[in-house]
Structure formats: C-alpha cells, structure tokens
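Take a look at the structure set out below.
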Amino acid sequence: MRKILILNLVIISFLSCNQQAATKTSNNNVIDQKVDSLLQLMTLEEKIGQMNQYNGFWDVTGPVPSAGDAAKKFEHLKKGWVGSMLNVRGVENVRKVQKIAVEESRLGIPLIIGFDVIHGYETQSPIPLAESASWDLEAIKKSAQMAAKEAAAAGINWTFAPMVDISRDARWGRVMEGAGEDPYLGSKIGVARVEGFQGDDLSNPYTIAACAKHFAAYGFAESGKDYNTADVGLSTLYNTILPPFKAAHEAGVKTFMNSFNELNGIPATGDKFLQRDILKGEWNYEGFVVSDWGSIMEMMAHGYAKDKKHAAELAANAGSDMDMESYAYVNELASLVKEGKVSEEHITDAARRILRVKFELGLFEDPYKYCDESREKEIIGSKEMHDAALDMAKKSIVLLKNEDNLLPLKKNGQKIALIGALASDTNSPLGNWRLAAKDNSAVSVVEGMKAYKENELMYAEGTTLYLGETNFPSELVLNTTDKSKFNEAVSIAKKADVVVMVLGEVGYQSGEARSRSKLDLPGLQQELLETIYKVNKNIVLVLNNGRPLAITWADENIPAIVEAWQLGSQAGNAIAQVLYGDYNPSGKLPMTFPRSVGQVPIYYNYKNTGRPGPKKEVFWSHYQDETNKPLYPFGYGLSYTSFEYKNLKASISSGNIEVSVDITNTGTVEGKEVAQLYIRDVIASVTRPVKELKGFEMIALNPSETKTVTFKLTKDELGFYNNQREFVVEPGEFKIFVGGSSDSNLETTIDYK
Ligand code: GLC
C-alpha cells in the first residue's frame, strides 16, 4: 500500500509542475492527466509490461514458483512486467497477486483482474442466447449487474463479456454465448449487458469493466467450425457484423477482444483495418484491445507471421494492445521498438489505454478495493443472486408448440412421468461458460417439479447421454448404443396422464470449440422420444440446448414443445413454474430454428435474390428436397394466451416514420407479448434484406385488453452502409411489418422522401 501512496504523490507532484504539459496531452480529464504523468515515469519495459496478461500460473496459497515458466512469470510480476492476470479469483488469491504487483514492483502499478463472467460468476443466469430470448432489456441488464456484483465480490474487475458476435449458423457452438442472428437485437442486448456490467460509475466496487468480443466476424466461421476462416463482403461486415460492436463502443465498453479467426485473409489480431482504421480511427475508440488466448502467437499457424517476434510486430502495429498468454509482447516488443519495427508511440498509446481503465476502476486509489472478505461472504451465492437468476430464467423460456392446450399442466390429480437424463442433470443447465460455478449446483427439473406436490411424479432417465466425464477441454463421448434404460421409461410413460421429456444437449455440447455437423437430438434421445410416443402421445418436450435444433419430427408429432435452453442455477424451478402456468411464457427466438442442417445458415433477414420463389419451374432459389421455410422463425414464441394485431398505420413526421398498431389479448389469461417492427427498403443502392428488425416493445395485456403500441423509425433505423462504407438513408418505398414474429404478415407500405 505504501508504494501506491508514493506513486500517487509522485503523480500529483508531476501534475502540478507539469500542469502545462499535462493539459496539452489530454482533454483536461484528470484521469488522462494522471495517466500521462505516470507514463512519463515508466520505462519502455514497464509500458510493455502493461500490455502483458498472464493466466493464473500458480496456486498462490502454495510456495512461490521457483522453476520453469511459472518462476519466470513470477519474476515478471515482481518487475512490473505484468499488466493483467486472468483466471485468478477469490479475494485471498487476488490480494496475493495484487500485493506482489503493487508492493514489490518499482512503480506499484495495480493489476486488472479478468475473468469470463459470461452469464454469471458463481450463480449462473441463463446462457446469453437464452437471456436474449427474453427480449427484456431491463432483465438482461439486471442479470449482468448481478453477475458483476458477484464477480467483483470475488476480486474480479474485468469480464470478457458481452460476446456480441452475430451468427446465423447453429452448427457453431458459440451461438450459446451471443444474442443470435440479428444486428438490431444484438446491439440492444449488447448495450444492456455493457451497462449492466459497468454501471454508470466504474469506480463503484460492484461494477466491473466489460469487453466487447470477438472483434470481428468470429460468428461467420465457414461451415460452422469454430476458429475457422471468415470471408465476408463490406456490406455484411458493416450492416450485420459491426453494429453490435459499434453500439457497445457507444455505450462506453472499456475493452474489446479481437478474435481468433482470419477475416478476408487477415487474422483479426493482426488486422489494422479492423483495429486501427475502424475501431480506433472511424469510431475513435479510447479503450484497449486484448487479444484472445494466444491469438498473437497463432498468427504463425495462420501463415501470417513467420515467428513469434514477427507476430508481436504485426499485432502491436495493428492495434492489439494487450497480449493474452502468447508471451510475445513481454519477450519481443522492446527489441522491436529498438529496431524501429514498432514505434514507441504505439507502446505508449497501448499502455495509456490500459492505465486509463485501471484509474477509472479506482485501482490506483485502492488496489485492494475488490478484495473485501466480508463482501465476498455476503454476496456470492446470495438469495439476491438466485432470485435474479430465477427471474431471468423464466423470462428466457420460449413456448414453441402447445396443441390442445396440453400446457399448462394441471396442479393436481395428474400422474406425471418425467423422462430424460437432462431432467436430473444438475450440471448441464449451467452451460459451457461456468468456470466459477460449483459443480452440480443447478436446480434440476426433477427438483423443480417436486415442488408441485399435488401431482404424482415418476422419473426415469430413459438413456445415458454420454460416457465418462464431461469438462471444459475434453471431447464429449455420446452414448449411441446402450438402450438398457428405455424399458423403465416406457413403463412409467404407460402409467402417466402426461409425459414430460427433457431432451437436448449436454452443457459441454455447445460453447467454445463445440461445433456440430448435425442439429438433431444427440445420441439415442430421438429414438427414446419416438419409443415413448408409441405408448403415450401426451408428451411435453422440454428442450435443454445451447443452439437451435432441427427437431422437425418432434414438431410434427409432439403436442407441446418448450425451449428451455440452459437456464442456469435456477433452471428446474423456472421450467416447473412455466410448465405449471405460474409464469406465462413470453420468450421469442433470437435465432432461427432450421428444419434440417442442410438449410444452414438460415436466417430471417435474407436477401430476395434475382430468382425468388416459388415458381412453377425449377429456376428459382430453393432446394429440391427441403422447403426454404425454417422450422421456427426468428422472433417466434407462443403464450398461454393469444394476441391479435390490427389497425397498423404508418405516417411520416419530421423526417421519421411513425408506426402504430393495436394489440389485443384474445385469450383467457394475462400475458406478455413482444411486438416487433420490421422494415424492408425495397429498392436501394445496395440490396437490402426482405425484412430487418428495427423496433420491439414488450407489453403486458389482461384478457380482452387492447393497447396501442407506437414505434418511431428515424434515419438510424432506415439507413444502411453502402459499399463505400458511408451510412446512407435513401428515399423510396419502405414496407413496414408488425407482429409477434418475423413471419408476421400484417404490413403496410410508405413512400419515404
Ligand atoms: C477463450 C475465448 C475467449 C475468452 C478467453 C479467456 O479462448 O475465446 O472468449 O474470453 O479465451 O478465457
């Protein structure tokens, strides 16, 4: 602590005697002046040190590392050659590493401590794709706030979230981590998450710095294979991929993370066009960019860097400010500067950006502000956290089908057969990004359903899903042969009034490096479903999955289908409360569900092409063996009630298009509806999609109640980027669509001048 006080005194004295110089270098922002003053005290190696991030490399409660890589890293920590660490968590551990950085290095610059707080810290909220299905921006923001509060209590002050990658390809495992296929929804949700994590005062000990990732086009990996090549045109880059990143920037996100993939032949980590021309140039971004894990070094494998030194040169010159676990900057940058291959200005700029965030977090005032044992005990795993997780989980559930009103279940007098390994799985609902969650800590569907004691509840696993263990780095081995548990499931199904089957994906079947070439129910689950169907057709299928699935047979045969994703720590309670009608499902799909994997990538905002259909002859854009229609479209979701849209009107007023529509609850129970507004710019200098989401509003309606919902379309919503990268709004015909899904056909047309 003594070191940091001296450092602050030095900075302040520097400020006073360099007031003139300090004001010249910044916009009178006190923090900028402190940063500039500190930079003037720093050696080149110390500035480079700020650009170096290490993963936690030893058990800090044990002996100090004395050999190998860990010993070297430990020396760097003491020298002030480490700016950040990740995967060090818990107040005791963070305090230990912070103490070394602050009290043993020459300048005592505190570390920024990063962690993947993707959908919760220890208490897991639903996976981000599930949260996105709520379309409830306030709830999503609250969820991020809770995650930040819990993570901050554990010593974390920076999360590598929100992931704002748009993706149209359910084969890609990381769709679970984002907000789906649409740039407008993805932008709104990205902003809600940034605001939730960072709050309006980053120095507040319950807020943490956020990170917009993965910059950019990571979700456009060819063939849905993670880390694979992305090749997109300017129109897709500027109109689909970049908008959520730009929105996160405008919301004040403190950091970006560049992506593993190459974009149009250039690895993102070494892409000057992305990081300096667009992000730091066109957008004037002032935060810092961290590489993804080892992505600097991986430019060698890409065939873009000849060695690690060349990789360091390419990444630093391209605008990648911090090196996550490549050891390239700490080992190579100083000599690159001395050889004139990397300018010291780039190093100083990178260090400035990193130091600024540390000052904004308040780490110079008190490097141990996130190390409060009492807060850790009080907040982590608290009722407040679980209540928020339950609320978010209920709002994330999407009702896909409900024939003959099989749902909600009766609360008494019913024999329920609950079947499926996922129904008793207390890990999978936590999803893939649950690094700090306790194993087996989720409320299972079995537990959730048991709370409804009036009904007789029978349970059978039906089929083992996987063999051996599941964990973050290991391949999953599915059970594709052992049907020994089918009979028990059949026997309880025969006795039941209603069968609830919880089927879908194991938690580690989606997420990073978890791409699939099929989108069916994995393993023996489809066979189990059809076997049970033969003895009892009254089936409620509850999906637990991290991506859209092509469940076409189920849609054709199963009367009720609920999309319950991976809902986090309170999954079982949320599912039970929806199945029993204590919460009327209000979710809408943030990503299209295909009929078959052959349709992928499939998305609602497609282009019309020169040969739309259907036509009598074959000469139009279609398949011979599959319809172009999805199984469930973007924005789709049912309720236990029903809604009617009418009186759609559109008019122009002071350069905007004003839209209004009446929505009535035509059912017998109250419900929430997400009214969605889509446009089509019919003729434009760059072709525009057949539909684009440009507004949505959630409303609650009692039975027979009608509300008028209004939308305003400004130039921001009507415009697009042309191939000269200019944002333009072009006069002409616009179609306007409003409804409860992207395939609603209530439309009107307006001539926008
Ligand atoms: C991973 C992920 C990235 C994550 C980082 C740190 O490889 O790609 O999203 O934040 O490494 O864990």
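Just follow the structure's listing: the first ligand is 1, and inside any ligand the first atom is 1.
- With a 4.0 Å cut-off on non-hydrogen atoms, Q53 does not touch ligand 1 at all.
- Between the side chains of Y54 and H76, at least one donor-acceptor pair of N or O atoms lies under 3.5 Å.
- The protein heavy atom nearest to atom 12 (O) of ligand 1 is D116 OD2, 2.5 Å.
- Taking every non-hydrogen atom of K213 and a distance limit under 4.0 Å, the qualifying atoms of ligand 1 come out as 3 (C), 4 (C), 9 (O), 10 (O).
- When ring centroids are compared, F472 and W433 come within the 6.0 Å threshold.
- No side-chain donor-acceptor contact under 3.5 Å links T229 and E262.
- Under 4.0 Å from ligand 1, the heavy atoms of M257 that appear belong solely to its side chain.
- Residues forming a side chain to side chain donor-acceptor pair (under 3.5 Å) with Q275 (at least two apart in sequence, or on another chain): N258.
- Shown here are the ring-ring contact (aromatic ring centres under 6.0 Å, His included) partners of F245, two or more places apart in sequence or in another chain: F215, F256.
- Interface atoms of ligand 1 facing H214, defined by a heavy-atom separation under 4.0 Å, are 3 (C), 8 (O), 9 (O).
- Short contacts between ligand 1 and W293, defined as distances under 4.0 Å to a heavy atom of the residue, involve ligand atoms 7 (O), 11 (O).
- Listed by number with element, the atoms of ligand 1 under 4.0 angstrom from any heavy atom of F160 are 10 (O).
- Looking at atom 1 (C) of ligand 1, its nearest protein heavy atom turns out to be E512 OE1, 3.2 Å.
- S295 contributes no side-chain N or O that, together with a main-chain N or O of S291, makes up a donor-acceptor pair within less than 3.5 Å.
- Protein heavy atom closest to atom 8 (O) of ligand 1, with residue, atom name and distance, is D292 OD2, 2.6 Å.
- Where the criterion is an N or O separation shorter than 3.5 Å, residue side chain and backbone included, R174 meets it with respect to ligand 1.
- Neither side chain, Y508 nor N427, offers a donor N or O lying under 3.5 Å from an acceptor on the other.
- Proximity to F260 (heavy-atom distance under 4.0 Å) selects the following atoms of ligand 1: 7 (O), 8 (O).
- Taking distance alone, with nitrogen or oxygen atoms compared against 3.5 Å, Y218 stays at or beyond that limit from ligand 1.
- No side-chain donor-acceptor contact under 3.5 Å links S203 and E360.
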